[in-house]
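Everything quoted here is computed from the prediction, not taken from an experiment.
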Amino acid sequence: MQLQLSRCPCPSAAPARCCRGRGVAVRAEHQRPSVATNAVAAPGRSASPLAPATAPGLNNAVAAPLATTNVGNSTNIRWHESMVDRRDKEMLLGQRGCILWFTGLSGSGKSTVACTLEHLLHERGHFTALLDGDNIRHGLNKDLGFSAEDRAENIRRIGEVAKLFAESGGITLTSFISPYRADRDAVRARCRTGEFLEVHMAVPIEVCEARDPKGLYKKARAGLIKNFTGIDDPYEAPLAPEITVKAYDEEGQMRSPVEMAQQILDLLDDMGYLRDPAMPTLAVASALQRKHSDGILDFSCL
């Protein structure tokens with residue numbers, strides 16, 4: 001039987017420039033407006049076969065430029081939608097993308113509980129990203145100090161980064177004092193409904209100061225550190241956080257980081273952010289469907 005090939009849509013007959021060798025890229029080229037419609041060949045040379053035709057009867061119209069907008073100090077920019085839908089990414093990961101925004105005084109256990117929770121999520125097969133306040137100031141925000149203005153910019157930047165992870169289906173854990181309510185609310189306003197989960201580490205300052213793992217409270221009390229939250233700079237506790245983590249249990253016993261992390265994990269389960277542990281992710285389900293006749297799973301595509 002003889003196969004019949006479809007006709008190549010390229011205007012050129014040059015094999016090296018044919019769309020069959022360039023895939024999707026050529027379709028994008030054909031959508032771009034022509035900019036050199038009156039190309040003239042150099043003396044002694046023939047015109048390029050790829051030069052746009054200007055013969056009478058051909059459509060030489062140039063497409064209208066794409067609409068752009070201005071955002072802040074950025075001008076002439078345009079939003080580009082992803083070719084892979086967020087829901088498809090979440091189905092692949094078996095979870096709902098979200099931001100767990102840990103907020104509380106220094107020494108309240110934000111980083112410790114966030115790290116512990118990430119371990120629990122990882123053990124259940126979930127994709128996470130952990131953004132810690134100290135770590136971020138090693139790179140992305142190393143140009144910022146601790147004034148009110150710099151704190152606001154610190155939170156704005158990390159909010160945008162966390163949002164990018166959540167839009168890709170990741171469970172993003174952020175550990176920042178983030179003392180100002182307005183800054184946290186600004187991050188929430190940039191997120192979808194249900195995407196931003198405020199986790200208030202409601203630990204009394206007396207407990208935090210007794211822990212003082214980095215000796216910061218002692219330095220602040222001695223006047224060696226200025227603008228220290230809880231000492232000479234205010235902390236505005238959340239008014240209605242999605243999750244509140246307390247230092248003591250009902251019997252007055254200090255709770256461990258594992259107990260606190262387990263509380264958050266259980267709430268994520270109840271709120272529908274995590275798949276049932278017995279349910280395989282889309283990738284694993286595909287591997288099960290590709291199972292060999294001898295019962296061995298094919299994980300080559302995972």
Side-chain angles (χ1 to χ4, degrees), residues 80-104 109-133 135-136 140 155 157-176 178 184 187-201 238 240-245 256-291 297-302:
H80 293 271
E81 293 292 344
S82 172
M83 296 297 290
V84 180
D85 187 70
R86 172 177 178 164
R87 181 57 183 157
D88 293 332
K89 296 176 182 178
E90 291 178 334
M91 288 180 63
L92 178 68
L93 297 170
Q95 62 192 40
R96 286 172 58 193
C98 64
I99 300 171
L100 290 166
W101 192 278
F102 287 78
T103 177
K110 300 180 300 297
S111 296
T112 302
V113 175
C115 184
T116 305
L117 176 59
E118 185 180 37
H119 277 283
L120 295 178
L121 288 167
H122 181 75
E123 288 175 355
R124 284 185 45 169
H126 290 286
F127 172 72
T128 59
L130 178 59
L131 307 176
D132 181 79
N135 292 354
I136 292 298
L140 177 65
I155 298 307
R157 291 183 191 178
I158 203 60
E160 292 297 327
V161 173
K163 186 172 181 291
L164 292 174
F165 277 112
E167 289 174 345
S168 295
I171 298 174
T172 313
L173 303 89
T174 69
S175 174
F176 294 81
S178 46
R184 300 192 303 267
V187 177
R188 181 190 293 274
R190 289 277 293 141
C191 298
R192 296 183 180 184
T193 301
E195 186 177 64
F196 182 90
L197 305 176
E198 197 169 28
V199 182
H200 180 209
M201 299 296 296
E242 281 76 9
I243 302 173
T244 299
V245 180
S256 70
V258 174
E259 291 173 323
M260 295 177 177
Q262 188 63 52
Q263 172 196 343
I264 302 172
L265 184 69
D266 292 341
L267 289 172
L268 290 175
D269 256 333
D270 295 341
M271 298 165 73
Y273 286 89
L274 310 177
R275 73 179 192 283
D276 187 317
M279 180 187 302
T281 64
L282 185 62
V284 176
S286 298
L288 290 172
Q289 293 176 357
R290 296 192 304 272
K291 185 169 63 175
L297 296 181
D298 177 12
F299 289 102
S300 61
C301 296
L302 301 185

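Applying the side chain to side chain donor-acceptor pair (under 3.5 Å) criterion to His200, with sequence neighbours excluded, gives no partner residue. Glu242 meets the side chain to side chain contact (heavy atoms under 4.5 Å, CB included) test with Arg188, Leu197, Glu198; sequence neighbours excluded. Listed by chain and number, the residues in a side chain to side chain donor-acceptor pair (under 3.5 Å) with Thr103 are Ser178, Tyr235 (sequence neighbours excluded). When the side chain to side chain contact (heavy atoms under 4.5 Å, CB included) test is applied to Asp85, the partners found at least two apart in sequence or on another chain are Arg87, Asp88. Scored by the side chain to side chain donor-acceptor pair (under 3.5 Å) test, Asn135 finds no partners at all (sequence neighbours excluded).
How far OG1 of Thr174 is from CD1 of Ile136: 9.5 Å, rounded to the nearest 0.5 Å. Here CD1 of Ile264 is found 11.0 Å from CE of Met271. Values are rounded to the nearest 0.5 Å. One distance of note links CG of Leu93 with NE2 of His126; it measures 9.5 Å at 0.5 Å rounding. Here the NZ-CD distance, from Lys89 to Gln95, works out to 12.5 Å after rounding to the nearest 0.5 Å.
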Tell me which donor-acceptor pairs under 3.5 Å the side chains of residues 160-169 have, and how far apart each pair is, sequence neighbours excluded?
residue: Glu160; atom: OE1; partner: Arg190; partner atom: NH2; Å: 3.0
residue: Glu160; atom: OE2; partner: Arg190; partner atom: NE; Å: 2.8
residue: Glu160; atom: OE2; partner: Arg190; partner atom: NH2; Å: 3.4
residue: Lys163; atom: NZ; partner: Glu167; partner atom: OE2; Å: 2.4
residue: Ser168; atom: OG; partner: Leu164; partner atom: O; Å: 3.3

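A heavy-atom distance below 4.5 Å is found between the side chains of Ile171 and Leu274. Counting heavy atoms from C-beta on, the side chains of Arg124 and Leu265 come closer than 4.5 Å.
Judged by distance alone, the side chain of Gln263 and the main-chain N or O of Val245 form no donor-acceptor pair under 3.5 Å. The main-chain N or O of Gly104 is found under 3.5 Å from a side-chain atom of Lys110 such that the two form a donor-acceptor pair.
Sorted by first and then second residue, the pairs that involve residues 111-123 and meet side chain to side chain donor-acceptor pair (under 3.5 Å), not counting sequence neighbours, are Ser111-Asp132, Ser111-Ser175, Glu118-Thr128.
Using a 30° and 60° split on the angle between ring planes, Trp101 and Phe196 fall in the tilted class, from 30° to 60°.
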Step-by-step side chain to side chain contact (heavy atoms under 4.5 Å, CB included) determination, Leu100 to Tyr273: CA-CA 11 Å; Leu100 290 166; Tyr273 286 89; over 6 Å; no
